[in-house]
There are 2 protein chains.
Amino acid sequence: MAAQTGSQAVERASALLGLIVESGAPRTFSSLVDELGLAKSTTSRLLQALERSRLVYRDRTGAFRPGALFSLHAARPSALHDLSELARPTMEHLSELSRETVNLAVPRGGQLVSIDQVDSCYLVGATNWVGVDVPAHCTASGKVLYAYGALPRPTGQLERRTAHSPVDRAQLEHALVEVRRRGWAASLDELEIGLTAVAAPVRTVDGSVVAAVSVSGPTSRINDYGITRLGDVLVAELRGLSALLGHQPGRKEGFA
Amino acid sequence: MAAQTGSQAVERASALLGLIVESGAPRTFSSLVDELGLAKSTTSRLLQALERSRLVYRDRTGAFRPGALFSLHAARPSALHDLSELARPTMEHLSELSRETVNLAVPRGGQLVSIDQVDSCYLVGATNWVGVDVPAHCTASGKVLYAYGALPRPTGQLERRTAHSPVDRAQLEHALVEVRRRGWAASLDELEIGLTAVAAPVRTVDGSVVAAVSVSGPTSRINDYGITRLGDVLVAELRGLSALLGHQPGRKEGFA
DNA sequence: AACTCGGGTTCCATAATGTGAAACTTTGGA
DNA sequence: TCCAAAGTTTCACATTATGGAACCCGAGTT
């Protein structure tokens, strides 16, 4: 189906592993067989290989569960289970896709702050955002956090950073409606002329939004990539990240 | 080398995964190549497959790290990081090897108590030990815990359960020296006539012993398997389990 | 700039390895 | 006891993995 080149056996085995690990509950052999649609024999062999390698094991009932290697990783004191550690792989991936700067932002004290960043590989556009507080209303991540109630609405005057900054409350609210509709937010030249960002939400187990991930770069390059396309990619990738946080994709995606 | 039948590609890929996950530090491509001794091309393809499946990812520096699936598992609230959960795979494995009852025992209130058990597949020998306190000096696990200082020496009279129970303190101490020398302990008919057990220590990150795993069954069957052989198997397997707890095999294996 | 060294990926012919249908075994139910 | 379901092993076939060599790319060097 989605094989690029090369190792089909490994990919199939990995798919099995994925199913076993992702669904917290023990997976039965037959459920795996017809979920992947492989022959019983093939499935059996692959699972045996995984079992030999201690990547899965069969519990008492004969169902498959994540094996010792997973426990090992989980037990590592160094395996920071915090957000930025979890998000790293996804962010690296997004960085490769877009080749632009990727940021992970969370609300802090009524503003938003980036807690992790993967730099663009271009020279232009690789400023550091980690730790610097920026006005949320003119960033893509900020809009996401506003839209889904992760950040309380700003009080007082909305700062005008550029001619494009939204300073009118009604205008902002209108934008937020749009964000919720599409699932992602954009900010074109609103914080700084020539700087565009696209962001989407990261949800936790109860469906609430806890962070936003943004991709940002020169307006021209982002436009080349396509804002909508980028938004959709972000949403898709972050759905995966949300799953890591325990968010069940099926569930209501309410906004606080 | 140690392939039974079937899927070599998967096993090789798994071996790579193992190296990447086990050594907490990021692994470089070439280190993987010459550690496994596979062709560069093969290694490259396998790693690409693993990367596509999000089982590993390349960080900024190009080194390989455990991928999203591992984070996912680590983040699971259900992923009990406690001892018995961690030990399960190993215990199941031992159960299959020996086909006897496997117990995980920890010290509690000066005695020892089993906190998890995998039953033998034989009818004879499958009693439940979980939760029942037994006199430590006539069990294999107890001797292990004594030997490595996980359990303070017993006070008062040593209970005589059978004619083979060690009731003499000097005799016990002598046995403990032997335990430390070999790395495992045995108990033949000491708790109950006809019941033999072999046990070895589980170490945690600082090298101290926190638990013992024992294999026990009818003296005759255990003898058939070979006490020494069983002891060695236990030591080897538990070395792996100890690694899960962060114990660096190289480190000093001091006994408290 | 041109040259080269080392790490890494891609190509390619070869055959070894993985594949699925079906036969077989085992388990559990009625 | 007989049957159905669940899983494993067998087997003939060709798809798929393999490793050597060629290639690529970036970082030093002259």
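To find a chain, count down the sequence lines: A is the first, B the second, and so on, and within it residues start at 1.
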**Message:** Heavy-atom nearest nucleotide on DNA chain D for A:S31 versus B:T42: which residue maps closer to 5'?
**Reply:**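 Between the two, 5'-proximity favours A:S31.
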
**Request:** Starting from the 5' end of DNA chain D, give me the residue, B:L46 or A:F64, whose nearest nucleotide shows up first.
**Result:**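 Per heavy-atom nearest nucleotide, the more 5' residue is A:F64.
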
**Request:** Tell me, please, whether B:Y225 has B:R229 positioned over its six-membered ring: NZ or CZ under 6.0 Å from the ring centre and within 45 degrees of its axis?
**Result:**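 Yes, B:R229 sits over the ring of B:Y225.
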
**Request:** Verify whether one side chain among A:D189 and A:T219 offers a donor that lies under 3.5 Å from an acceptor in the other.
**Result:**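 Indeed, the side chains of A:D189 and A:T219 share at least one donor-acceptor pair under 3.5 Å.
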
**Prompt:** Judged by modelled atom types alone, do A:N103 and A:S214 share a side-chain donor-acceptor pair under 3.5 Å?
**Reply:**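 Result is no, nothing qualifies.
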
Could you tell me whether the phosphate oxygens of [N], OP1 or OP2, come under 4.0 Å of any side-chain nitrogen or oxygen in [X]?
{"X": "B:R45", "N": "D:dT16", "result": "no"}
{"X": "B:R58", "N": "C:dT9", "result": "yes"}
{"X": "B:T43", "N": "C:dG8", "result": "no"}
{"X": "B:Q48", "N": "C:dG8", "result": "no"}

Quickly work out the [X] [atom1] to [N] [atom2] distance and round it to whole Å.
{"X": "B:E35", "N": "C:dG7", "atom1": "CD", "atom2": "P", "answer": "16 Å"}
{"X": "A:F29", "N": "D:dT9", "atom1": "CZ", "atom2": "C1'", "answer": "12 Å"}
{"X": "A:E11", "N": "C:dG18", "atom1": "CD", "atom2": "P", "answer": "15 Å"}
{"X": "B:L38", "N": "C:dG8", "atom1": "CG", "atom2": "C1'", "answer": "15 Å"}
{"X": "B:Q8", "N": "C:dT19", "atom1": "CD", "atom2": "C1'", "answer": "15 Å"}
{"X": "B:L47", "N": "D:dT18", "atom1": "CG", "atom2": "P", "answer": "12 Å"}
{"X": "B:D34", "N": "C:dG8", "atom1": "CG", "atom2": "P", "answer": "11 Å"}
{"X": "B:R27", "N": "C:dG8", "atom1": "CZ", "atom2": "C1'", "answer": "17 Å"}

**Request:** Would you mind reporting whether A:I20 and A:Y57 have side-chain heavy atoms less than 4.5 Å apart?
**Result:**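 A side-chain contact is absent here, since even the closest heavy-atom pair is not under 4.5 Å.
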
**Side chain proximity check, B:R58 to A:E92, heavy atoms < 4.5 angstrom** =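 Counting from C-beta outward, B:R58 and A:E92 never come under 4.5 Å.
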
**Message:** Can you tell me which nucleotide in C:dT9, D:dT8, D:dT16 comes closest to the side chain of B:K40?
**Reply:**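 Of the candidates, C:dT9 comes closest.
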
**Message:** Students often get this wrong, so: under 4.0 angstrom with heavy atoms, is A:S41 touching a base, only sugar-phosphate, or nothing?
**Reply:**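 Base: the residue A:S41, judged by heavy atoms under 4.0 Å, touches a nucleobase.
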
